[in-house]
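For reference, the structure is listed below as structure tokens.
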Amino acid sequence: YENGGLCHLVAVSFDNSGIPVQLFTVNRWVAMEWQYPADVVISMIDKFQIEDPIDGKEKFSLSSRWLMAMLKLYRPQIEWALHERDTMIAAMKSDNPDNWSEDDTVEVLSAVTFDFAEQIDRIEEALAAQQAG
């Protein structure tokens, strides 16, 4: 995106056993990011890759592949969370137009909890319905 810098796509929460259970977005001050509108961030998802800033080669390939898979698997939830984040930002701007993004009483702007097994079941059902129809 031409006018900004670092962009935080979405954060992932894990349970005590290391299973991802929630996606969430944060206020600008938390990640020290440039807060792009949801539609711009969503367009960045397909371009996500972890590269070494010096030589441009993929770095941390297993982590990068895992993160890219999470972005695809939970894309509907991510899109919802980003749009919900924008709704919250609009309300915060209305209440505090001069300092909305630095309000340290607001850390999380949106969150969606999910069940990994249920997500896989829904995808398999959708694929089966698509193949049958």
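Count residues from 1 along the sequence. No experiment lies behind these values; they were computed from the predicted model shown.
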Is F14 reachable from M68 through a run of hydrophobic residues whose side-chain heavy atoms are each under 4.5 Å from the next? yes

When rounded to the nearest 0.5 angstrom, what is the spacing between CD1 in I42 and CG in L71? 11.5 Å

Rounded to the nearest 0.5 Å, what separation is found between the CE atom of M44 and the OH atom of Y36? 4.5 Å

Quick one: are E84 and L109 in side-chain contact, heavy atoms under 4.5 Å? no

Closest heavy-atom contact between D46 and R75? OD1-NH1, 2.7 Å

Hey, is D103 close enough to R28 for a salt bridge, meaning N to O under 4.0 Å? no

CG of N27 to OG of S110, rounded to nearest 0.5 Å, is 11.0 Å

Mark yes or no for whether E33, through its side chain, and C7, through its backbone, hold a donor-acceptor pair below 3.5 Å. no

Starting at NZ of K93, measure out to CE of M88 and round the result to the nearest 0.5 Å. 13.5 Å

Atom pair CG (L23) and CZ (F114), whose distance is rounded to the nearest 0.5 Å: 4.5 Å

If you round to the nearest 0.5 Å, how far is CD of E79 from CG of D39? 8.5 Å

Does E107 have any side-chain hydrogen bond (donor to acceptor under 3.5 Å, both in side chains) partners at least two apart in sequence or in another chain, and if so, which? none

D15: partners by side-chain contact (heavy atoms from CB on, under 4.5 Å), with sequence neighbours left out: S17, I19, V21

Can you find a heavy atom in the side chain of L9 that is under 4.5 Å from one in the side chain of V41? yes

Any side-chain heavy atom of F116 within less than 4.5 Å of one from Y74? yes

Side chains of residues 120-131: which donor-acceptor pairs under 3.5 Å do they make with residues two or more places apart or in other chains?
unit_1: R122; atom_1: NE; unit_2: E118; atom_2: OE2; d: 3.4
unit_1: R122; atom_1: NH2; unit_2: E118; atom_2: OE2; d: 2.5

Over all heavy atoms of both residues, which pair between V12 and P20 is shortest? Give the atoms and the distance, please. CG1-CB, 3.8 Å

Within the distance-only criterion (no hydrogens, no angle test), does the side chain of Q119 pair as donor or acceptor with the backbone N or O of L73 below 3.5 angstrom? yes

Can you list everything that forms a side-chain contact (heavy atoms from CB on, under 4.5 Å) with P76? Sequence neighbours excluded, please. none

Close side-chain approach of Q35 to R85, heavy-atom, < 4.5 Å: yes

Hydrophobic side-chain clustering at under 4.5 Å (ILVMFWY, transitive links): who's grouped with V108? Put none if nobody. F24, V26, W29, V30

Mind checking side-chain contact (heavy atoms from CB on, under 4.5 Å) for K72 and listing every partner two or more places apart, or none if nothing turns up? none

